[in-house]
2 protein chains.
Amino acid sequence: MKISTKGRYALRLMLDLAINFTGEYISIKSIAARQDISEKYLEQIITQLNRAGYVKSVRGAQGGYMLSKAPSEYTVGMILRLMEGSLAPVNCAEDEESCDRASRCVTQEVWVQIQKAVEDVVDNITLENLVTRYQEKAEPVYII
Amino acid sequence: MKISTKGRYALRLMLDLAINFTGEYISIKSIAARQDISEKYLEQIITQLNRAGYVKSVRGAQGGYMLSKAPSEYTVGMILRLMEGSLAPVNCAEDEESCDRASRCVTQEVWVQIQKAVEDVVDNITLENLVTRYQEKAEPVYII
DNA sequence: AAAAATTCCTACCGTTTTGATAGAAATTTT
DNA sequence: AAAATTTCTATCAAAACGGTAGGAATTTTT
């Protein structure tokens with residue numbers, strides 16, 4: 001029942017791009033340094049995000065990556081689904097036909113309930129929400 | 001983000017014991033036949049359930065297994081936790097000290113939210129609930 | 001024009017987990 | 001004594017995980 005490092009790193013990566021947005025492209029190298037993740041591994045992950053159109057890239061010196069849309073346009077669910085393939089705890093939760101017992105199976109209903117619960121969380125948190133949480137953590141506002 | 005076959009089979013196994021309860025011990029062989037799961041694999045799974053005290057066993061002819069408590073005493077969560085080890089989507093959701101970024105990390109909060117959502121589902125479904133659902137599916141009551 | 005900085009692409013690889021299978025010993029009933 | 005079971009231990013192939021490596025392509029800087 002674990003989320004792989006690909007999914008976790010992808011979320012940190014996207015959040016890093018959102019938090020460190022300046023209008024300039026951000027290199028893998030700098031993300032890797034901030035997030036303490038191998039450059040080569042991040043490269044693989046960001047390639048998937050790029051192919052899905054979640055980020056845009058520019059090669060060469062001063063090149064790098066940038067979110068292609070506003071942080072509010074990305075949900076955690078979008079990012080995790082892209083990396084994990086699906087958020088179903090078992091195949092039959094998403095595709096009843098993957099098991100011919102599904103019609104009589106009550107455990108299948110449990111898996112569907114789990115999947116819905118997970119989706120209800122991740123589809124209702126955006127990168128923007130996370131940026132806000134980050135700022136509140138990093139720079140608490142003291143009302144005097 | 002998948003639940004392993006061990007967890008899934010364990011739930012079907014426990015439910016099978018609950019549904020087919022007659023007061024007599026039930027053999028692995030008969031469970032395997034009904035559930036269409038390898039006897040040898042079920043054996044390994046039920047061994048874990050036995051060691052945890054979730055089922056009791058008797059060897060020899062007419063031997064087999066039986067739930068050690070009433071179906072209402074088992075939650076889906078208990079069974080899944082036993083087989084999967086934990087329901088946390090990542091280690092830091094359960095054990096903050098497993099990552100020294102946890103205190104500043106906002107993705108960690110996401111994992112905690114996911115875990116809580118999953119637990120809220122599985123800790124509130126008992127085997128008894130599933131038996132009821134099963135009976136409603138298998139024998140619909142037509143009110144005329 | 002050359003050098004430097006970067007993404008892009010493909011392949012490979014060791015370790016762990018998953019999902020079993022196999023065989024024989026121990027126990028209990030028939 | 002035989003049959004039916006659980007119990008225990010070992011083994012194993014395949015897939016997934018979590019990377020690493022190297023070089024080609026592109027763009028900017030010098």
Side-chain angles (χ1 to χ4, degrees), chain A residues 1-13 17 24-33 35-68 80 83-86 88-91 98-99, chain B residues 1-13 17 24-33 35-68 80 82-86 88-92 98-99:
Chain A
M1 209 35 195
K2 288 279 184 285
I3 291 173
S4 71
T5 53
K6 277 208 162 117
R8 295 192 276 134
Y9 290 175
L11 184 56
R12 280 168 59 186
L13 191 168
L17 289 178
E24 294 181 341
Y25 285 86
I26 298 176
S27 69
I28 283 186
K29 200 170 186 172
S30 67
I31 301 171
Q35 298 297 327
D36 196 26
I37 300 173
S38 137
E39 287 178 39
K40 282 296 192 180
Y41 197 31
L42 266 190
E43 196 182 297
Q44 282 181 38
I45 291 165
I46 210 164
T47 294
Q48 279 189 67
L49 293 164
N50 197 6
R51 287 187 181 142
Y54 289 10
V55 299
K56 54 188 178 184
S57 65
V58 166
R59 289 179 172 188
Q62 305 309 313
Y65 299 90
M66 194 186 296
L67 293 184
S68 37
L80 292 183
M83 304 309 293
E84 303 284 314
S86 148
V90 309
N91 291 335
S98 66
C99 175
Chain B
M1 209 32 197
K2 288 281 184 283
I3 291 173
S4 72
T5 53
K6 276 212 162 112
R8 294 193 276 132
Y9 290 175
L11 184 55
R12 280 168 60 186
L13 191 168
L17 288 179
E24 294 179 343
Y25 285 86
I26 298 176
S27 69
I28 284 186
K29 200 170 188 173
S30 67
I31 302 171
Q35 297 297 327
D36 197 25
I37 301 173
S38 138
E39 288 178 39
K40 282 298 194 177
Y41 197 30
L42 268 190
E43 194 183 298
Q44 283 181 38
I45 292 165
I46 210 164
T47 294
Q48 278 189 66
L49 294 164
N50 196 6
R51 286 185 182 144
Y54 289 10
V55 299
K56 53 187 176 183
S57 65
V58 165
R59 289 178 171 187
Q62 306 308 313
Y65 299 89
M66 195 186 296
L67 293 184
S68 38
L80 292 183
L82 180 68
M83 304 308 293
E84 303 283 314
S86 148
V90 310
N91 292 334
C92 70
S98 66
C99 176

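Letters go in sequence order (proteins before strands), and every chain restarts at 1. What you see below is based on every heavy atom in this structure, not just the backbone, and it leaves out hydrogens, waters and symmetry mates. The shown structure was predicted, so the numbers you read here are calculated from the model rather than taken from an experiment.
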(request) Between protein and nucleotides 18-30 of chain C, map the contacts as a letter string: B base, S sugar-phosphate only, - none, heavy atoms under 4.0 Å, written 5' to 3'. (result) -BBBBBB-BBBSS
In whole Å, what is the span from the [atom1] atom of [X] to the [atom2] atom of [N]?
X       : N      : atom1 : atom2 : value
B:Met83 : C:dT17 : CE    : C1'   : 14 Å
A:Met66 : C:dT7  : CE    : P     : 12 Å
A:Ile45 : D:dT20 : CD1   : C1'   : 13 Å
B:Lys2  : D:dA15 : NZ    : C1'   : 14 Å
A:Leu42 : C:dT7  : CG    : P     : 10 Å
B:Leu13 : D:dT6  : CG    : C1'   : 14 Å
B:Lys29 : D:dA3  : NZ    : C1'   : 11 Å

Kindly give the heavy-atom pair with the smallest separation between [X] and [Y], and that separation in Å.
X       : Y       : value
A:Ser86 : A:Ala88 : OG-N, 2.9 Å
B:Gly53 : B:Ser68 : O-OG, 2.5 Å
B:Leu80 : B:Gly7  : CD2-O, 3.7 Å
A:Ser38 : A:Ala32 : C-CB, 4.5 Å
B:Met83 : B:Leu49 : SD-CD2, 4.4 Å

(request) Would you mind classifying the nucleic acid contact of A:Tyr25 as base, sugar-phosphate or nothing, using non-hydrogen atoms under 4.0 angstrom? (result)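 The residue A:Tyr25 makes no contact with any strand.
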(request) Report the distance from atom CD1 of A:Ile26 to atom CG of A:Leu67, rounding to the nearest 0.5 Å. (result)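 Between A:Ile26 CD1 and A:Leu67 CG, I get 8.0 Å after rounding to 0.5 Å.
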(message) Please give me every residue in residues 46-55 of chain A whose heavy atoms get under 4.0 Å of an atom in DNA chain D, ordered by residue number.
(response)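 Output list: empty, so none.
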(request) Examine distances only and state if a side-chain atom of A:Glu39 and a backbone atom of A:Ile28 form a donor-acceptor pair shorter than 3.5 Å. (result)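 No: the side chain of A:Glu39 does not pair with the backbone of A:Ile28.
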(message) Test your reading of the model: is there a side-chain donor-acceptor pair from A:Lys2 to the backbone of B:Met1, 3.5 Å cut-off?
(response)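 Checked: no pair found.
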(request) Sorted by first residue and then second, give each side chain to side chain donor-acceptor pair (under 3.5 Å) pair with at least one member in residues 53-65 of chain B; sequence neighbours left out. (result)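 As it turns out, the side chain to side chain donor-acceptor pair (under 3.5 Å) pairs with a partner in residues 53-65 of chain B, which skip direct neighbours, are B:Asn50-B:Ser57.
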